[in-house]
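See structure below.
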Amino acid sequence: SVHALTPAGRTRLVELMREPPTATPPRNGMLLRLFFGSVLGAEACRELVADARAQAVAMLGTLAAVRRDAEAEAADLPQRPYWLMTISAGEHSARAAIAWADETLASLERLPG
């Protein structure tokens with residue numbers, strides 16, 4: 001079944017979307033563990049970072065499929081360019097996470113244990 005916003009619902013959605021976004025402090029258990037990496041040891045940290053890299057690679061794969069679906073939508077669909085912008089943000093984040101992981105893994109290789 002197809003769902004649609006009521007006029008009142010659309011008005012409320014616009015009001016909510018025009019509110020400034022609230023900043024939420026990032027919480028990343030992997031980075032917290034890496035911060036205390038001298039306690040964990042380099043090998044355990046390598047595993048953490050390798051796992052984070054694998055998750056980012058998987059996310060890129062997921063986003064590639066989502067992008068294909070969005071690009072298959074009609075070019076004149078008003079939501080399409082916004083969907084693609086949002087997908088692009090995720091792709092950039094995933095590629096940055098992969099680059100960081102590669103850099104960090106190289107640094108960890110130079111550490112003992």
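No hydrogens, no waters, no symmetry mates; every other heavy atom, side chains included, goes into these values.
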Do Leu16 and Leu5 belong together in a cluster built from hydrophobic side chains that touch within less than 4.5 Å?
-> yes
Can you name the closest pair of heavy atoms from Ala42 and Leu111 and give their distance?
-> CB-CB, 4.0 Å
Shortest non-hydrogen contact from Ala75 to Arg80?
-> CA-CD, 3.9 Å
Correct closest heavy-atom pair for Ala97 and Ala56 would be CB-CB, 3.9 Å
Enclosure of Arg10 CZ (heavy-atom neighbours >12, cutoff 6.0 Å) = no
Are side-chain heavy atoms of Glu91 and Met59 found at a separation under 4.5 Å?
-> no
Test side chain to side chain contact (heavy atoms under 4.5 Å, CB included), reference Phe36, set Leu40, Leu32, Leu34, output is Leu32
Return the minimal non-hydrogen interatomic distance between Gly90 and Leu63, and the atom names on each side.
-> C-CD1, 3.4 Å
Considering residues at least two apart in sequence or located in another chain, which fulfil the salt bridge (charged side-chain N to carboxylate O under 4.0 Å, His left out) criterion with Glu47?
-> none
Connected via hydrophobic side-chain network under 4.5 Å: Met30 and Leu105 = yes
So how far is it from Leu48 CG to Thr104 OG1, rounded to the nearest 0.5 Å?
-> 11.5 Å
First locate atom OG1 of Thr6, then atom CZ of Arg12, and finally report the distance between them rounded to the nearest 0.5 Å.
-> 12.5 Å
Just by modelled atom types, is the Leu84 backbone N or O under 3.5 Å from a matching donor or acceptor in the Ser88 side chain?
-> no
Working to the nearest 0.5 Å, report the span between NE2 of His92 and CD1 of Ile87.
-> 12.0 Å
State, with a plain yes or no, whether a side-chain heavy atom of Glu73 is found less than 4.5 Å away from one of Trp83.
-> yes
Could you grab the distance from atom CD of Glu103 to atom CG of Leu108, nearest 0.5 Å is fine?
-> 10.5 Å
Can Glu109 and Arg46 be counted as an ion pair, charged N to O under 4.0 angstrom?
-> yes
Given the rule that I, L, V, M, F, W and Y join up when any side-chain heavy atoms are under 4.5 Å apart, are Val49 and Leu31 in one cluster?
-> yes
